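Worksheet: one structure, shown below.
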Amino acid sequence: MRMQGSTTTRVTVEECLSMQDGSTVELRGWVANKSDIGSLAFILLRDGSNYIQLVGKKGTSSDDVMRVMKDVSIESAVVVRGTLRSDARALNGKELLVRDIEVIARAEEPWPINKSTVRSASFLYDNRHLSIRGMKSSSIMRIRSELIKAAFDFFYERGFTFITAPSIVSAAVEGGATLFEFDYFGKRVYLTQSAQFYEEAAICSFGRVFTMQPAFRAEKSKTPKHLTEFVMIEAEVAFNTQEDNMRLQEEFLTYVCNRVAEKRRREFDTLGRKIRPVERPFPRVRYDEVRDTAMKHGIEFEWGEDIPTEAERLVSRMFSQPFFITDYPLSARSFYHMCRDDDPRITLSADLIAPEGFGEIATGGQRIHDYNTLLERIRSSNLPLESFRWYLDLRRYGMPPHAGFGIGVERVLRWLCNLKHIRATSLFPRTITRAYP
RNA sequence: GCCGCCGUAGCUCAGCGUGGUAGAGCGGCUGGCUGUUAACCAGUCGGUCGUCGGUUCGAGUCCGACCGGCGGCGCCA
């Protein structure tokens with residue numbers, strides 16, 4: 001197949017877009033789209049780095065090339081050689097005049113995804129193994145990849161140690177009703193909801209740790225912000241107060257969001273998303289203030305109850321930057337939260353809320369480090385003491401004040417990409433009604 | 001778990017009120033076209049009306065049960 005006397009170099013589409021006209025290159029990729037208009041044949045080639053248009057012209061291209069370009073099916077894998085030229089009519093302003101094309105793996109016809117079937121979300125998710133090749137979903141995944149790298153960089157630059165916690169656990173971190181349970185050699189175990197307890201053990205070894213791993217929630221939530229399996233980034237720091245913890249979240253989110261916005265500009269353009277820089281410090285609103293604001297808008301809820309979605313959305317729409325809701329009542333929080341010295345009904349915890357109505361993306365707080373306080377809290381919450389024995393045990397051996405947070409990767413992405421539904425942020429989303437493909 | 005809505009062609013949906021053997025647009029396929037980009041033009045294929053049962057001479061249409069999905073709430077990252 002190699003052309004005699006040529007200086008054909010194998011490059012990616014992205015690389016060849018910045019090469020000079022007249023360069024001879026070899027590309028490998030997939031037929032994203034094609035159109036045959038008689039004596040002209042066009043193929044939109046995708047290789048994972050970018051897209052470029054291939055052109056065949058009767059008279060200029062050989063009969064063989066014309067035949068292959070007309071016959072090739074959508075999504076076939078091809079290797080192609082030809083000459084680059086600029087043309088304003090082509091996507092990305094460049095096209096490849098094909099001199100030589102070979103089909104490496106022919107795709108069956110018809111390709112199931114067309115301009116009619118893209119109207120059906122359920123069809124696209126039933127065929128997610130194929131539909132992820134599309135421009136929108138791949139842009140979201142590239143942004144996701146960058147976000148994850150930025151998160152790792154952030155924590156490593158600050159001396160955090162990356163740890164992984166087990167996915168198979170014997171006790172709940174959150175409420176017991178939301179666990180996936182299964183048989184483990186005759187014992188009842190669960191899929192983890194959070195790495196937090198394991199991080200709390202690890203901080204006494206490493207000082208500051210973070211995790212990034214799947215979390216599972218059996219919540220029967222049919223909302224555009226819930227997955228049953230999602231990736232959570234959690235961080236825990238010894239000797240940190242809730243004040244330190246909120247500052248860390250601010251630094252983390254500004255670092256990650258601004259890096260992603262800068263590095264994945266093209267993908268955000270593809271999605272039509274204009275994003276503004278995230279700035280520190282984030283505004284802080286107390287739970288009581290949220291409740292007052294909600295009541296002024298006719299949304300009533302008892303003090304001590306969690307903030308209803310409608311109220312959270314209302315407040316979220318009032319901001320253009322992420323913000324904290326602080327001073328949650330203990331009754332709306334898990335047992336391990338530490339309370340204020342001056343008011344034992346109020347926890348040292350905060351939710352981090354994305355603006356524009358997107359809502360909660362992270363929760364963090366200071367944990368109880370005192371043995372007797374935690375023991376009393378487990379008892380008054382009617383939790384099985386035996387399940388939390390090791391967690392409690394940590395408080396016997398030099399547990400200092402400490403704080404941490406958990407942030408949902410898909411929730412952040414949904415906000416950054418301005419997506420209607422969180423399932424678009426996952427390559428193979430798991431929701432209450434979907435575990436396939 | 002709760003409230004509401006929907007299952008008819010590959011996709012989106014009309015038809016159901018007033019029962020009489022099934023429609024549209026898009027897509028697919030075939031052919032045409034020297035600049036396609038959501039192409040265009042001509043032709044053509046396409047249905048166990050979610051499942052089971054009931055009423056009826058006759059059910060996509062009426063009744064019941066079940067299954068599946070969607071939107072929202074609660075809960076949460």
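The sequence lines fix the lettering, A, B, ..., with proteins before strands; numbering per chain opens at 1. Nothing here was measured: the structure is a model prediction, and the numbers come from that model.
- Taking atom CG of L413(A) as the reference point, atom P of rA77(B) lies 18 Å away to the nearest angstrom.
- Residue contacts for L227(A): at a heavy-atom cut-off of 4.0 Å it reaches a base atom on one of the strands shown.
- For the pair F123(A) CZ and rA9(B) C1', the computed distance is 13 Å after rounding to whole Å.
- RNA chain B is contacted by P308(A), T309(A), R313(A) of residues 308-315 of chain A, taking any non-hydrogen atom closer than 4.0 Å.
- In this structure rC52(B) sits in a base pair with rG64(B), meeting the Watson-Crick or G-U test at under 3.5 Å.
- Take R434(A) and apply the side chain to side chain donor-acceptor pair (under 3.5 Å) test, not counting sequence neighbours, and it matches D126(A).
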Check nucleotides 33-36 of chain B against the protein and report each pair of N or O atoms closer than 3.5 Å, with its distance, or say if there are none.
| from | atom 1 | to | atom 2 | distance (Å) |
| --- | --- | --- | --- | --- |
| rC33(B) | N4 | D36(A) | O | 2.6 |
| rU34(B) | OP2 | S39(A) | N | 3.1 |
| rU34(B) | OP2 | S39(A) | OG | 3.3 |
| rU34(B) | O4 | K58(A) | O | 3.4 |
| rG35(B) | O2' | R89(A) | NH1 | 3.2 |
| rG35(B) | O6 | K57(A) | NZ | 2.7 |
| rG35(B) | O6 | R85(A) | NH1 | 3.3 |
| rG35(B) | N1 | E95(A) | OE1 | 3.3 |
| rG35(B) | N1 | E95(A) | OE2 | 3.0 |
| rG35(B) | N2 | Q53(A) | NE2 | 2.8 |
| rG35(B) | N2 | E95(A) | OE1 | 2.5 |
| rU36(B) | O2' | S35(A) | OG | 2.8 |
| rU36(B) | O2 | Q53(A) | OE1 | 3.4 |
| rU36(B) | N3 | Q53(A) | OE1 | 2.6 |
| rU36(B) | N3 | Q53(A) | NE2 | 3.2 |
| rU36(B) | O4 | Q53(A) | OE1 | 3.4 |
| rU36(B) | O4 | Q53(A) | NE2 | 2.8 |
| rU36(B) | O4 | R89(A) | O | 3.0 |

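- R106(A) is linked by a side chain to side chain donor-acceptor pair (under 3.5 Å) to E109(A), counting only residues two or more places apart in sequence or in another chain.
- Between the P atoms of rC6(B) and rG17(B), the separation comes to 15 Å (whole Å).
- rC16(B) and rG7(B): their C1' atoms are spaced 14 Å apart (whole Å).
- The interatomic distance linking E305(A) (CD) with rC75(B) (C1') rounds to 13 Å, in whole Å.
- With both ends at atom P, the span from rG72(B) to rU36(B) equals 40 Å, rounded to whole Å.
- Summarising the geometry, the separation between OH on Y436(A) and C1' on rG69(B) is reported as 17 Å, rounded to the nearest angstrom.
- Interface residues of residues 113-122 of chain A facing RNA chain B, ordered by number: N114(A), K115(A), S116(A), T117(A), R119(A), S120(A); criterion, heavy-atom separation under 4.0 Å.
- Shown here are the ring-ring contact (aromatic ring centres under 6.0 Å, His included) partners of F268(A), two or more places apart in sequence or in another chain: there are none.
- Checked against ring-ring contact (aromatic ring centres under 6.0 Å, His included), F42(A) has no partners two or more places apart in sequence or in another chain.
- Base pairing annotation: rA38(B) forms no Watson-Crick or G-U wobble pair, as no partner gives both donor-acceptor distances under 3.5 Å.
- As rounded to the nearest Å, rU8(B) and rC49(B) have P atoms that lie 11 Å from one another.
- rU12(B) and rG19(B) have their P atoms separated by 30 Å, with the value rounded to a whole Å.
- Distances from the side chain of E109(A) to the nucleotides rA77(B), rC11(B), rC29(B) place rC29(B) closest.
- A cation-pi arrangement is not found for R133(A) relative to W111(A), the charged atom failing to lie both closer than 6.0 Å to the ring centre and inside a 45° cone about the ring normal.
- Inter-residue side-chain proximity for R128(A) and P429(A) is flagged as met; some heavy-atom pair is nearer than 4.5 Å.
- With hydrogens and angles ignored, a donor-acceptor pair closer than 3.5 Å exists between the side chain of S221(A) and the base of rC75(B).
- Note: CZ (R423(A)) to C1' (rG71(B)) measures 11 Å, nearest angstrom.
- Sorted by first and then second residue, the side chain to side chain donor-acceptor pair (under 3.5 Å) pairs with a member in residues 316-330 of chain A read D327(A)-R340(A), Y328(A)-D351(A); sequence neighbours excluded.
- The separation of rG60(B) from rG20(B), taken at their C1' atoms, amounts to 13 Å, rounded to a whole angstrom.
- Residue pairs satisfying the salt bridge (charged side-chain N to carboxylate O under 4.0 Å, His left out) criterion with at least one member in residues 294-307 of chain A, sequence neighbours excluded, are absent.
- Every residue meeting the ring-ring contact (aromatic ring centres under 6.0 Å, His included) condition with Y255(A), not counting sequence neighbours, appears here in chain and number order: F154(A).
- Separating the CG atom of L130(A) from the P atom of rG10(B) is a distance of 18 Å, rounded to the nearest angstrom.
- Spacing of C1' atoms, rG25(B) relative to rG15(B), comes out at 15 Å, to the nearest Å.
- Pairs passing the salt bridge (charged side-chain N to carboxylate O under 4.0 Å, His left out) check and including a residue from residues 402-414 of chain A, sequence neighbours excluded, read R144(A)-E410(A).
- Ring-plane geometry between F324(A) and F282(A) is classed as tilted, the angle between the planes lying from 30 to 60 degrees on a 0 to 90 degree scale.
- Here rG74(B) sits opposite no nucleotide as a Watson-Crick or G-U wobble pair (both hydrogen-bonding atom distances under 3.5 Å).
- Here S138(A) pairs with R142(A) under the side-chain contact (heavy atoms from CB on, under 4.5 Å) rule; sequence neighbours left out.
- As a whole-Å value, the separation of E229(A) CD from rA77(B) P is 16 Å.
- Nucleotides rC5(B) and rG23(B), compared at atom P, are 30 Å apart to the nearest Å.
- Of all heavy-atom pairs between R377(A) and C339(A), the closest is NH2-SG, 3.6 Å.
- As rounded to whole Å, 14 Å separates atom P of rC73(B) from atom CD of E360(A).
- Of all nucleotides listed (rG71(B), rG74(B), rG1(B)), rG1(B) comes nearest to the side chain of K220(A).
- Pairing for rG43(B) goes to rC29(B), judged as Watson-Crick or G-U wobble with the two contacts each under 3.5 Å.
- Along RNA chain B, the nucleotide closest to R434(A) and the one closest to I361(A) are compared, and the more 5′ of them pairs with R434(A).
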